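Small disclaimer: the values here were computed from a predicted structure and weren't measured.
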Protein chains: 2
Amino acid sequence: MTDDPTLPPTDPAALDDEAPAIPPRRPMTLRDVSEASGVSEMTVSRVLRNRGDVSETTREKVLAAAKQLGYVPNKIAGALASSRVNLVAVIVPSLRNMVFPEVMSGISEVLDDTPLQPVLGFTDYRPEKEEDVLYEMLSWRPSGVILAGLEHSAASRAMLKASGIPVVEIMDTDGEAIDAVVGISHRRAGRETARAIVRQGYESIGFIGTKMPLDHRARKRFEGFTEALAKDGREIVDQEFYEGGSGLLKGRELTQKILQRSPDLDFIYYSNDMIGAGGLLWCLENGVGVPQRLGLAGFNGMELLDGLPARLATMDAGRREIGRAAARIVAERASGALTETGQRLELAPNLQYGDTLRRPKV
Amino acid sequence: MTDDPTLPPTDPAALDDEAPAIPPRRPMTLRDVSEASGVSEMTVSRVLRNRGDVSETTREKVLAAAKQLGYVPNKIAGALASSRVNLVAVIVPSLRNMVFPEVMSGISEVLDDTPLQPVLGFTDYRPEKEEDVLYEMLSWRPSGVILAGLEHSAASRAMLKASGIPVVEIMDTDGEAIDAVVGISHRRAGRETARAIVRQGYESIGFIGTKMPLDHRARKRFEGFTEALAKDGREIVDQEFYEGGSGLLKGRELTQKILQRSPDLDFIYYSNDMIGAGGLLWCLENGVGVPQRLGLAGFNGMELLDGLPARLATMDAGRREIGRAAARIVAERASGALTETGQRLELAPNLQYGDTLRRPKV
DNA sequence: ATGAAAGCGCTAACAC
DNA sequence: GTGTTAGCGCTTTCAT
């Protein structure tokens with residue numbers, strides 16, 4: 001897991017909890033270990049990274065001294081000297097949306113088996129902030145970049161291209177990638193949902209979702225959705241947009257509002273599971289027959305849905321798998337095992353009917 | 001937000017999206033900018049960090065050259081030379097538990113206004129992994145460390161003490177801190193919940209929670225809870241422990257199970273809101289009168305609770321505020337504005353009765 | 001198997 | 001206001 005498998009963390013006995021009244025100001029250096037062990041800096045370095053042949057005796061001497069001094073290597077210096085930085089920049093909109101923690105676990109799961117370490121940055125869905133964060137990250141000369149979405153400022157794209165490191169854009173495949181991509185087509189997700197809805201005989205369809213200028217993936221799902229409806233000669237009868245606030249609560253409020261205004265709706269498509277779940281709860285409480293009188297569908301395949309009174313129809317975006325695949329690409333490219341660039345992995349979205357979308361008769 | 005407010009990110013026009021067929025392998029250096037602008041490296045460095053006086057003319061020359069070349073500074077080199085690293089290590093168990101994303105947003109909110117940048121590490125609730133991650137992090141010589149909990153291996157504590165950088169332990173205040181602490185007392189949270197329950201006349205009390213050897217805060221709440229009951233001559237009548245899986249679903253299952261086994265229970269205390277919410281949903285569906293026949297309480301004050309059919313009693317842990325406060329301490333200490341160490345901030349847990357705990361008559 | 005010398009790309013500390 | 005000189009703590013390369 002760590003870069004230096006042989007070097008045990010500071011010896012608790014040597015650097016005891018209670019001992020030093022005046023904590024050492026200056027961190028230990030290789031030179032300190034070298035002097036303490038009577039072995040050259042170079043050989044100490046070899047032992048600590050176990051590279052090259054070192055006799056068992058010197059090895060032990062060095063390890064003992066390092067432990068004794070509580071030596072912690074300085075990666076800054078190491079990175080500068082070797083021009084190798086085992087950091088992977090991961091840039092996502094935010095952690096508030098449960099989607100990204102899940103992607104992150106996929107990423108760390110894979111990186112945990114490599115010397116690479118993720119460094120996280122947030123964009124708050126703002127391209128200018130993305131640009132700043134990216135600049136900041138790239139100035140650490142990471143081994144790779146994983147970032148959400150395909151929409152970036154021209155400057156961001158330029159920086160990424162010029163960086164010469166593996167870049168993996170994740171979550172979305174609708175658009176032109178800078179280098180590698182791993183994700184699903186949100187247009188397709190929207191289309192497939194629309195088709196399933198129409199196929200099940202729903203006719204008067206409404207939409208509730210986030211205000212989308214900022215969220216390209218939600219926008220693309222919406223576009224795919226309306227496009228597929230249009231192909232069928234249909235269009236969205238009514239819609240509501242929101243921003244901020246608790247998803248569940250918004251889902252309730254807006255569902256009530258839209259049904260009040262358009263009581264004839266027989267289906268509502270939600271831009272995510274959270275508001276969808278809110279809508280579902282509202283319907284259950286207010287005696288709206290789901291899925292016969294009213295069908296509902298969300299998007300994401302969130303684990304949360306499993307415990308609700310009824311299972312919301314949804315489409316799994318495979319977030320964890322996306323994280324894993326992206327990390328794998330970066331890890332392989334960074335290790336030199338893979339030299340090819342521009343790999344493209346489009347996962348198939350998987351519609352789950354749950355209890356809120358009439359099922360196809362088999 | 002960034003370290004170098006004056007240096008605009010790569011010029012999109014200069015380093016165009018389409019232009020270079022062979023992307024430059026070697027990143028630009030200060031020397032490159034120096035040569036391109038005919039200004040000494042040192043002055044270039046000054047301009048790029050806007051330190052010291054530089055004439056407007058040279059300034060412009062340098063900026064133009066940097067932009068033109070798509071120069072991105074090398075923080076590795078900068079950090080080594082200045083022995084200043086604007087990184088803050090943040091170490092949490094995982095991101096799966098919504099608590100930590102929220103703490104993180106508090107942290108980034110504050111750090112966004114400073115030159116500091118958070119770097120995230122995960123322990124998976126395992127002390128050995130925490131030790132590894134910490135070692136890894138400290139080898140980057142960060143400006144500070146924020147980490148969850150007060151329980152760490154002796155080696156971890158030793159490393160932290162020896163590091164000589166600000167250390168803030170968060171979430172929990174029950175125990176001995178290494179340096180600064182920001183959090184709540186989970187023992188007190190458990191005690192106060194127990195007292196409120198008893199005060200409202202509940203008599204036969206059950207507990208459902210995670211298996212706790214790993215989760216010290218859940219354990220402490222449990223201990224505080226049982227301790228307060230004991231003071232009242234009471235004890236927990238029945239209990240269930242679980243691990244893994246969807247919180248909501250587990251909450252349902254275990255609530256059913258415990259009520260089947262101990263139908264006389266008139267209160268269930270849950271170790272977190274997620275299973276509590278599952279239990280609540282089960283009760284509502286199965287006609288268990290809440291809060292009269294059966295009272296329920298969770299812990300965390302999760303936003304999710306707002307959209308459920310009834311509001312679960314809970315206790316807000318102020319996660320976001322904890323993140324903010326911790327980040328503030330690190331930022332002030334790192335900037336030298338604060339030299340004092342060992343600050344201690346204990347937030348008061350705030351009980352919310354919701355709809356599942358009989359309210360005190362006023 | 002071990003060591004010596006020369007940087008990695010930047011900034012601190014001084015000159016001028 | 002600008003330039004020069006030394007490193008920062010490692011690793012690379014080449015000797016031995």
Side-chain angles (χ1 to χ4, degrees), chain A residues 3-4 7 24-63 65-66 69 71-86 115 138-142 163, chain B residues 3-4 7 24-63 65-66 69-86 115 138-143 163:
Chain A
D3 219 350
D4 320 278
L7 183 69
R25 277 294 106 196
R26 181 180 64 72
M28 294 295 137
T29 68
L30 259 195
R31 168 184 240 101
D32 294 317
V33 180
S34 165
E35 281 166 5
S37 63
V39 176
S40 80
E41 274 189 57
M42 197 50 237
T43 302
V44 171
S45 170
R46 285 197 184 93
V47 172
L48 265 24
R49 292 175 299 148
N50 55 339
R51 288 279 147 74
D53 296 319
V54 180
S55 77
E56 194 48 40
T57 14
T58 28
R59 210 185 123 68
E60 275 162 19
K61 257 193 294 187
V62 169
L63 250 23
L69 296 175
Y71 173 73
V72 175
N74 185 332
K75 290 219 180 202
I76 301 277
L80 182 61
S82 65
S83 49
R84 249 190 298 276
V85 181
N86 289 329
L138 288 179
S139 66
W140 287 104
R141 302 283 188 269
S163 72
Chain B
D3 217 351
D4 319 279
L7 183 69
R25 276 294 107 195
R26 182 179 63 71
M28 294 295 137
T29 68
L30 258 195
R31 169 183 239 100
D32 295 317
V33 180
S34 166
E35 281 166 6
S37 63
V39 176
S40 80
E41 276 188 55
M42 197 51 233
T43 302
V44 171
S45 170
R46 286 197 184 94
V47 172
L48 265 24
R49 292 175 298 148
N50 54 338
R51 287 282 148 74
D53 296 320
V54 180
S55 77
E56 195 49 40
T57 14
T58 29
R59 210 185 123 68
E60 274 160 20
K61 258 195 292 186
V62 169
L63 251 21
L69 296 175
Y71 173 73
V72 175
N74 185 332
K75 291 218 180 201
I76 301 278
L80 183 61
S82 65
S83 49
R84 247 191 300 275
V85 181
N86 289 330
L138 289 180
S139 66
W140 287 104
R141 302 283 186 268
S143 293
S163 72

In Å, rounded to the nearest 0.5 Å, how long is the span from CG of A:Leu63 to OG1 of A:Thr58?
10.5 Å

Check whether any side-chain nitrogen or oxygen of B:Ser45 sits under 4.0 Å from OP1 or OP2 of C:dC10, and answer yes or no.
no

Answer whether the closest heavy-atom distance between the side chains of B:Pro73 and B:Leu48 falls below 4.5 Å.
no

With sequence neighbours excluded, tell me which residues meet side-chain contact (heavy atoms from CB on, under 4.5 Å) with B:Thr29.
B:Arg26, B:Arg31, B:Asp32

If you check every side-chain atom of B:Thr43, which of D:dG7, D:dT2, D:dC10 has the closest atom?
D:dT2

Given that B:Thr57 and A:Ile76 both sit by DNA chain D, which one's nearest nucleotide is further toward the 5' end?
B:Thr57

To the nearest angstrom, the CE-P distance between B:Met42 and C:dA13 comes to 11 Å

Just how large is the angle between the end axes of the helix from C:dA1-D:dT16 to C:dC16-D:dG1, five pairs per end, to 10 degrees?
30°

Whole angstrom value for the distance that separates P of D:dT2 from CD of B:Glu56
11 Å

Can you tell me which nucleotide in D:dC10, C:dG3, C:dT2 comes closest to the side chain of A:Val54?
C:dT2

Integer-rounded Å distance: D:dC10 P and B:Trp140 CH2:
13 Å

Out of D:dT2, C:dC10, C:dT2, which nucleotide sits closest to the side chain of B:Thr58?
D:dT2

Over all strands shown, is B:Ser55 touching base, sugar-phosphate only, or nothing at heavy-atom distances under 4.0 angstrom?
sugar-phosphate

Length of the line joining A:Arg49:CZ and D:dC10:C1', which is rounded to integer Å:
8 Å

Find the distance A:Leu80:CG to C:dC8:P and express it as a whole number of Å.
9 Å

Tell me whether the OP1 or OP2 atom of D:dT12 has a side-chain N or O from A:Arg84 closer than 4.0 Å.
yes

Any idea which heavy atoms bring B:Val62 and B:Val33 closest together, and the distance?
O-CG1, 4.1 Å

A:Lys75 NZ to D:dC8 C1', in whole Å, measures 18 Å

Would you say A:Trp140 and A:Ile76 make side-chain contact, with heavy atoms under 4.5 Å?
yes

Nearest-nucleotide wise, let me know which of A:Ala77 and B:Asp53 is further upstream toward the 5' end of DNA chain D.
B:Asp53

Between the main-chain N or O of B:Val39 and the side-chain N or O of B:Ser34, is there a donor-acceptor pair closer than 3.5 Å?
yes

Over how many whole Å does the gap from A:Asn74 atom CG to D:dG9 atom C1' extend?
6 Å

Just call it for B:Ser83: base, sugar-phosphate, or nothing, with non-hydrogen atoms closer than 4.0 Å on any strand.
nothing

Point-to-point distance, once rounded to the nearest 0.5 Å, from OG of B:Ser55 to CD of B:Glu60:
9.0 Å

Is there a side-chain contact between B:Tyr71 and the phosphate of C:dG9, meaning an N or O under 4.0 Å from OP1 or OP2?
no

Side chain of B:Ser82 only, heavy atoms from C-beta on: which candidate in D:dG9, C:dG3, C:dA12 is closest?
C:dA12

Atom-pair distance (CD on A:Glu35; P on D:dG9), nearest Å
13 Å

Checking B:Ser143 side chain against B:Val85 main chain: does a donor-acceptor pair fall under 3.5 Å?
yes

Check: C:dG3 base within 3.5 Å donor-acceptor of A:Arg46 side chain:
yes

